[in-house]
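Below, read A as the first sequence line, B as the second, and so on, with proteins coming before strands; counting in each chain starts at 1.
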Amino acid sequence: GQQVMQIPQYQHVQEGEDFTTYCNSSTTLSNIQWYKQRPGGHPVFLIQLVKSGEVKKQKRLTFQFGEAKKNSSLHITATQTTDVGTYFCAKGGGFKTIFGAGTRLFVKA
Amino acid sequence: DAGVTQSPTHLIKTRGQQVTLRCSPKSGHDTVSWYQQALGQGPQFIFQYYEEEERQRGNFPDRFSGHQFPNYSSELNVNALLLGDSALYLCASSLAASGTYNEQFFGPGTRLTVL
């Protein structure tokens with residue numbers, strides 16, 4: 001089963017609204033990665049977080065790694081229709097990457 | 001600079017048959033990982049190849065096997081296909097020398113349908 005839990009499973013927003021997806025683990029994570037998969041496409045790497053409490057920004061996207069390194073979040077400010085897709089968090093461990101089930105974002109224009 | 005390529009794009013097989021999927025990594029990458037993605041789910045790690053050896057494996061039966069060639073390209077073989085093997089099979093490449101920075105580049109995938 002999944003070792004990283006993501007919520008919510010789905011999110012419908014109006015264009016211009018903000019969006020947040022959360023990723024939780026019962027164990028301490030060495031790192032957390034975020035990927036985006038457009039409908040019909042393949043996952044695309046967005047970022048990797050390693051440090052406790054780390055916050056990184058990419059334009060309208062803000063990524064956070066919890067202080068205890070057991071949770072992470074991705075926040076999108078003022079969503080656009082181009083943000084549509086599924087956002088996955090993934091934990092690295094050894095040479096294996098474990099993906100969450102993803103949060104699917106729908107944006108209504 | 002070519003990205004990750006996979007072939008074929010789509011494949012239809014019947015139960016009990018065998019299938020081989022192919023992957024060429026991004027130029028300069030030496031590590032290939034394979035994932036199975038069922039509809040509406042996240043990718044599930046199958047195994048990873050580096051220096052022509054399988055160096056880690058996920059929770060998949062022995063029916064799933066692989067190979068990496070000296071040019072770093074890779075194959076995924078699935079024997080005795082089951083209906084439940086129907087999925088998108090993704091290949092991802094990375095560079096071992098990048099250490100714990102594990103940016104993976106995914107190919108477009110092979111959509112396998114088992115009837």
Side-chain angles (χ1 to χ4, degrees), chain A residues 1-11 21-25 28-51 54 56 58 63 65 69 72 74 85-106, chain B residues 3-7 9-10 21 23 25-26 29-51 53-60 66 68 74 87-111:
Chain A
Q2 302 289 354
Q3 296 178 32
V4 284
M5 303 300 295
Q6 273 189 263
I7 54 171
Q9 188 176 5
Y10 301 96
Q11 184 79 60
T21 174
Y22 301 90
C23 182
N24 298 291
S25 171
T28 302
L29 302 167
S30 57
N31 64 71
I32 193 79
Q33 300 164 15
W34 286 92
Y35 291 79
K36 176 184 178 181
Q37 185 172 22
R38 294 180 184 274
H42 56 274
V44 174
F45 177 89
L46 296 176
I47 207 161
Q48 176 170 302
L49 305 174
V50 178
K51 299 177 183 176
E54 190 170 13
K56 288 190 175 180
Q58 292 178 355
F63 303 85
F65 203 6
K69 299 183 73 172
S72 181
L74 159 58
T86 302
Y87 292 85
F88 293 100
C89 65
K91 61 174 264 188
F95 305 115
K96 179 191 291 192
T97 302
I98 305 298
F99 281 75
T103 295
R104 187 163 182 182
L105 174 63
F106 299 86
Chain B
V4 180
T5 60
Q6 290 186 245
S7 63
T9 306
H10 296 85
L21 311 181
C23 171
K26 179 179 166 66
H29 283 185
D30 55 10
T31 303
V32 173
S33 301
W34 286 93
Y35 294 84
Q36 180 194 65
Q37 186 176 28
L39 204 59
Q41 300 295 317
Q44 299 292 310
F45 177 83
I46 302 175
F47 40 53
Q48 184 181 87
Y49 276 84
Y50 172 67
E51 291 190 336
E53 296 285 334
E54 179 187 298
R55 66 175 180 178
Q56 186 147 13
R57 187 179 185 93
N59 295 326
F60 280 81
Q68 186 179 34
S74 178
L88 179 68
Y89 287 85
L90 294 161
C91 166
S93 75
S94 55
L95 184 60
S98 58
T100 57
Y101 182 69
N102 190 28
E103 180 174 2
Q104 296 181 85
F105 290 78
F106 281 82
T110 295
R111 173 72 62 186

- Might you confirm whether atom CD of A/Gln9 has over 12 heavy atoms from other residues, nucleotides or ligands at distances under 6.0 Å?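 No, CD of A/Gln9 has 12 or fewer neighbouring heavy atoms, counting only those of other groups under 6.0 Å.
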- Task: Take atom CZ of A/Phe45 as the centre, draw a 6.0 Å sphere, and report whether it contains more than 12 heavy atoms from other residues, nucleotides or ligands.
- Result: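 Above 12, so yes.
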Would you name the heavy atoms of [X] and [Y] that are closest together and state the gap between them?
X	Y	value
A/Thr97	B/Tyr35	CB-OH, 3.3 Å
A/Gln33	B/Gln104	OE1-NE2, 4.4 Å
A/Gly41	B/Leu88	O-CD2, 4.5 Å

- Please state whether the side chain, the backbone, both or neither of B/Glu103 comes within less than 4.5 Å of a heavy atom of chain A.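 Looking at B/Glu103, backbone and side chain both touch chain A.
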- Message: At a 4.5 Å cut-off on heavy atoms, which part of B/Arg111 comes close to chain A: side chain, backbone, both, or neither?
- Response: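 Neither the backbone nor the side chain of B/Arg111 comes within 4.5 Å of chain A.
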- Task: Could you tell me which portion of A/Gln6 (side chain, backbone, both or neither) has an atom closer than 4.5 angstrom to a non-hydrogen atom of chain B?
- Result: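 The answer is neither part of A/Gln6.
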- Query: Can you tell me how far the CZ atom of B/Phe47 sits from the NZ atom of A/Lys96, to the nearest 0.5 Å?
  - Reply: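 Between atom CZ of B/Phe47 and atom NZ of A/Lys96 there are 13.0 Å.
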- Query: Listed by chain and number, what are the ring-ring contact (aromatic ring centres under 6.0 Å, His included) partners of A/His42, not counting sequence neighbours?
  - Reply: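 Here no residue qualifies.
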- Most contacts with chain A, counted as non-hydrogen pairs under 4.5 angstrom, among B/Gln37, B/Arg57, B/Gln48, B/Arg55: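 Of the options given, most contacts go to B/Arg55.
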- Message: Once side-chain contact (heavy atoms from CB on, under 4.5 Å) is applied, do any residues pair with A/Thr86, and if so which ones, sequence neighbours excluded?
- Response: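 A/Phe88, A/Arg104.
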- Item | Aromatic ring proximity, centroids under 6.0 angstrom, B/Tyr50 and A/Phe95 |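 They do not qualify: ring centres at least 6.0 Å apart.
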- Item | Polar side-chain atom of B/Gln41 near backbone of A/Ala101 as donor-acceptor pair, under 3.5 Å |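 Such a contact is absent between B/Gln41 side chain and A/Ala101 backbone.
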